[in-house]
Amino acid sequence: MNSRDSEHLIAELSIKENYSLTTEITDADLIIINTCSVREKPVAKLFSELGVFAKYKKDSAKIGVCGCTASHLGKEIIRKAPVVDFVLGARNVSKITQVLHQKHAVEVDTDNDDSSFDFSEYRTNPFRAMVNISMGCDKSCTFCIVPATRGEEISIPSELIVSEIQKAVATGAKEIMLLGQNVNNYGRRFSSESEVKDFTGLLKKISLMDGLERIRFTSPHPLHMDDEFIEEFASNPKICKQIHVPLQSGSTKVLREMKRGYTKEWFINRCELIRRLAPSATISTDIIVGFPNESEEDFKETMSVLDSVRFEQLFSFKYSSRPHTAAAEYDNQIDNDISGERLTRLQSRHTEILDEVMDTQLGSVHEVYFDELKSEGRVSGRSDDGKLVFVKGSEELLGHIVQVKIEKVSRSLLEGIVI
Ligand code: 5AD
Ligand code: SF4
């Protein structure tokens, strides 16, 4: 979400205000930090980075703080770091050209209408386009600050999504990534009329579009993975066989305290259905360890889900207490050493699983969509199931979907030859 917000900021500033990107901080007339606040660490990093930027920037250069930390700290940022010229919340990206001209402007409201989806064009990668389908989140997972920073969930009318995709396809994108905090809750609330009102329907509609060959999406919520959705995921050839199913915890007791709305059994059942209907699909997940009151037994339940689903990719975190969340008030916050030890156990078990999974890739053939030039005469792309693949080659491969035979495997990427 933040990457796409950054593209919107760049688009608005370059088209309406004539800015261009620079890699040299000493050349910059405007420095924008687009922040995350999901865990505490990036918030602390913001203030140390502001100190560095203040030291090296031109005297006349402005500094703006955008994103979720801007939303939840608001004017506090300017109080703590007066070098900051403006603060722009995650939901207010479309106001960038306004706040730019108001000293110490703070825009952090979470209201919305269709005008806040309307941006100028800019894409970091023309071959692979990110497209927002909803903003905000209506869930209240007790660890998560996002509903407070990004506001209530609102879906973007399907006609606007389709026209956004048409523009991306016209400029060379064969693949799109649909973005939302909770994509499969699409259709809950709109700011104006929409033809399609559910996520499965949206996938069906988008997959009819000419020139678009691959559809990915992130993140779906396990609670809303009904059979119809999984069947569409499995049977629609344009939908890439890669799916993120965020577990958070394998203990039904902890899941209840997190207010996730599903049990361990439901989660495993959904993953089993995905594995059965789409055997080539890779499943990734997010896991939090050390949630308040998590016992050794609870943690072992998480380990058991890891062993039964055998996720191809794992994003794992120590629980971080956040303001505006219910869990911050819970008793029995877990000692940092215990969380650290659980995280290490979880990650080492996952590394073993990953090594076994990747070993099976040797000699396999993947359809790879090449989208990036790399050093040493190589290009990289993604297989349908989301694996990073490198081959020797040049720009002629960019923008093409080509069959590749895998000759070398490692934990994070595959290397092969075009066949
Ligand atoms: N502490 C640790 N991890 C968190 N996440 C969200 N909130 C927290 C928190 N307070 C993780 C979840 C989510 C991912 C984006 O970040 O696993 O799925
Ligand atoms: Fe946060 Fe839960 Fe919403 Fe995801 S679904 S953004 S974890 S509140």
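Just so you know, these numbers use all the heavy atoms, side chains as well, and skip hydrogens, waters and symmetry mates. Whatever order the structure lists them in is the order used to number ligands and atoms, beginning at 1.
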Can you name the residues that come within less than 4.0 Å of ligand 1, going by heavy atoms only?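 Residues within 4.0 Å of ligand 1: Val38, Arg39, Phe143, Gln248, Asp286, Ile288, Phe317, Lys318, Tyr319, Ser320, Arg322.
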
Per-atom contacts, ligand 2 versus Arg260 - under 4.0 Å to a heavy atom: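 Atoms satisfying the 4.0 Å criterion: 2 (Fe), 7 (S).
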
Parallel, tilted or perpendicular: rings of Phe199 and Phe229 (30°, 60°):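 Taking Phe199 first and then Phe229, their aromatic rings sit tilted (interplane angle of 30° to 60°).
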
Could you tell me if the side chain of Val368 sits less than 4.5 Å from the side chain of Ile401, heavy atoms only?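 Contact flag for Ile401/Val368 side chains = no.
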
Applying salt bridge (charged side-chain N to carboxylate O under 4.0 Å, His left out), run through Asp5 and Arg91 and close with a yes or a no. CA-CA 9 Å; Asp5 289 344; Arg91 195 75 171 238; over 6 Å; no

Any non-hydrogen atom of Arg150 lying under 4.0 Å from ligand 2?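 Contact check Arg150 vs ligand 2: negative.
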
Let me confirm one number: the [atom1]-[atom2] distance from [X] to [Y], rounded to the nearest 0.5 Å.
X	Y	atom1	atom2	result
Ile287	Ser249	CD1	OG	8.5 Å
Leu343	Phe317	CG	CZ	9.5 Å
Arg4	Glu7	CZ	CD	5.0 Å
Ile283	Asp385	CD1	CG	11.5 Å
Gln181	Ile133	CD	CD1	11.0 Å

Validation row, ring centre Phe315 to ring centre Phe311 under 6.0 Å: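 No, the ring of Phe315 stays outside the 6.0 Å limit from the ring of Phe311, centre to centre.
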
Looking just at side-chain N and O atoms, do Ser304 and Lys264 make a donor-acceptor pair shorter than 3.5 Å?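 A pair is found: one side chain offers a donor N or O, the other an acceptor, under 3.5 Å apart.
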
Taking only protein atoms, how many N, O or S atoms are found under 2.8 Å from atom 1 (Fe) of ligand 2?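 If we list every protein N, O or S atom nearer than 2.8 Å to atom 1 (Fe) of ligand 2, we get 1.
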
Which one holds for His221 and ligand 2: side chain close, backbone close, both close, or neither close, with close meaning a heavy atom under 4.0 Å?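 Near ligand 2, His221 shows its side chain, while the N, CA, C and O stay back.
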
Quiz item: cation-pi between Lys174 and Tyr369, 6.0 Å / 45°: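 No cation-pi geometry.
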
